[in-house]
Protein chains: 2
Amino acid sequence: MVKGLDEKSEALPDHVGWRLWQANRAWQGEFAAAMRAAGHAWFSDARAGLIGHIARAGTRQVALIERMAISKQAVQQLLDGLEAEGVVERLPDPDDGRGKLVRYTPKGLAALRDGDRIKREIEQRWIGCIGQARFAALMDALRALDAGLHPET
Amino acid sequence: MVKGLDEKSEALPDHVGWRLWQANRAWQGEFAAAMRAAGHAWFSDARAGLIGHIARAGTRQVALIERMAISKQAVQQLLDGLEAEGVVERLPDPDDGRGKLVRYTPKGLAALRDGDRIKREIEQRWIGCIGQARFAALMDALRALDAGLHPET
DNA sequence: CCATATAGTCAAGCATCTTGACCATCTCGC
DNA sequence: GCGAGATGGTCAAGATGCTTGACTATATGG
């Protein structure tokens, strides 16, 4: 309360929600910037979330809808975009005439490899920032939180 | 690897970025739902971020722009919305003919009070979920991360 | 007093997500 | 079998939140 805050400022917010938002934003910003720098200009935050859930062997569209917490139409529009960019392709599901399988194209697989590398690089940078122990504690707490808030399965 | 994953699934993503995204989404979802349930129907995630940075005594618009990491036009549109809802008001800055001061209306202050209460409630729920120690470790790691990634000031 | 920087506004457009309506296919009870 | 309802996917329209570009008004410094 004594330091450099001018008379019009109060303390900046400092609660879990704010910190989580900050950290999430930092991650997404670094990741997307690195992906675009690596030549994947089509990359965006929203697409990143979806891509993380497509298995190498192909994933049914409805499975993606269940895992993301957004409407099926939103997933479809994201997939439309990724298909137009040539990152994924949609094939009929041999086991279900209604379903479609979403699968990476070679271009998508290349992006996936770069993504893995970038992910590790950012993690290393963060570990360098806050130390191995704190980073482990962070992951532990976040995993526990997820398990605690979504007790299904 | 043995359990219920069918042959088309691989492991779900489990890295900091994903976990952060999940936790952030959970927080925003719970907070916004509680705020709307408390009668603040105008509440949204984007507005929440902005509101957290408006001091009780009023804050200059340009200061908000600096603290949020978005364009000044985006801030302005958010403020337009909040002003139309009667949550904040804009007054000329007595010290600078160009500037404007953003200040809460009584309606905005009421929302702020409810927000504080809801914030504490969610925190308590989360602490109940993962334990006091893990929660403290989470906050510690997130603060350290912010300090490490934005070393200014 | 003019040049430049700063604070804010207006306008147009893009990306993401939503709801509602719809069609095709599968599954289950009879 | 077969019809009813559930499920997987698509089309269309619209809201929100953000962007860039162009502009006005005020402040500041040589």
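These values consider heavy atoms only, across backbone and side chains, with no hydrogens, waters or symmetry-generated copies. All chains are named by letter (A, B, ...) in the order of the sequence lines, taking the proteins before the strands, and each is independently numbered beginning at 1. None of these values were measured; they are calculated from a predicted model.
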Within this structure, what is the [atom1]-to-[atom2] distance between [X] and [N], rounded to whole angstrom?
{"X": "E83(B)", "N": "dG8(C)", "atom1": "CD", "atom2": "P", "answer": "13 Å"}
{"X": "L91(B)", "N": "dA7(C)", "atom1": "CG", "atom2": "P", "answer": "18 Å"}
{"X": "L79(B)", "N": "dA7(C)", "atom1": "CG", "atom2": "P", "answer": "15 Å"}
{"X": "I70(A)", "N": "dA15(C)", "atom1": "CD1", "atom2": "P", "answer": "16 Å"}
{"X": "W42(B)", "N": "dG17(D)", "atom1": "CH2", "atom2": "P", "answer": "12 Å"}
{"X": "D45(A)", "N": "dT16(C)", "atom1": "CG", "atom2": "P", "answer": "8 Å"}
{"X": "L50(B)", "N": "dT16(D)", "atom1": "CG", "atom2": "P", "answer": "16 Å"}
{"X": "L64(A)", "N": "dT16(C)", "atom1": "CG", "atom2": "C1'", "answer": "17 Å"}

For [X], what residues pass the side-chain contact (heavy atoms from CB on, under 4.5 Å) criterion, not counting sequence neighbours?
{"X": "R103(A)", "result": "E89(A), L91(A)"}
{"X": "D116(A)", "result": "R56(A), K119(A), R120(A)"}
{"X": "A74(A)", "result": "I70(A), S71(A)"}
{"X": "A144(A)", "result": "I130(B), R134(B)"}

(message) Please list all pairs meeting ring pair (Phe, Tyr, Trp, His ring centres under 6.0 Å) that have one or both residues in residues 110-146 of chain A, counting only residues at least two apart or in different chains.
(response) W27(A)-W126(A)
(message) Enumerate the ring pair (Phe, Tyr, Trp, His ring centres under 6.0 Å) contacts for residues 88-122 of chain A, please, sequence neighbours excluded, ordered by first and then second residue.
(response) none
(message) Filter on salt bridge (charged side-chain N to carboxylate O under 4.0 Å, His left out), then keep only pairs touching residues 22-36 of chain A, sequence neighbours left out; what's left?
(response) E30(A)-R125(A)
(request) Just grab all the salt bridge (charged side-chain N to carboxylate O under 4.0 Å, His left out) pairs involving residues 73-86 of chain A, residues at least two apart or on different chains. (result) D80(A)-R90(A), E83(A)-R90(A)
(request) Please state whether the phosphate of dT19(C), meaning OP1 or OP2, lies under 4.0 angstrom from any side-chain nitrogen or oxygen of S71(A). (result) no
(request) Select base, sugar-phosphate, or nothing to describe what A46(B) touches, counting heavy atoms under 4.0 Å on all strands. (result) sugar-phosphate
(request) Could you tell me if the ring centre of W21(B) sits under 6.0 Å from that of H15(B)? (result) no
(message) Between R98(A) and D93(A), does any NZ, NE, NH1 or NH2 come within less than 4.0 Å of an OD or OE carboxylate oxygen?
(response) no
(request) Using heavy atoms and a sub-4.0 Å distance, could you list which residues of residues 19-34 of chain B are near DNA chain C? By number, please. (result) none
I'd like a table of donor-acceptor pairs (distance under 3.5 Å, sequence neighbours excluded) in which one partner is a side-chain atom from residues 41-49 of chain B, with atom names and distances.
unit_1 : atom_1 : unit_2 : atom_2 : d
S44(B) : OG     : R47(B) : N      : 3.3
R47(B) : NH1    : W42(B) : O      : 2.7

(request) Between protein and nucleotides 4-12 of chain D, map the contacts as a letter string: B base, S sugar-phosphate only, - none, heavy atoms under 4.0 Å, written 5' to 3'. (result) --BBSBBB-
(request) Return the angle between end axes of the helix from dC1(C)-dG30(D) to dC30(C)-dG1(D), with five pairs used per end and rounding to 10°. (result) 20°
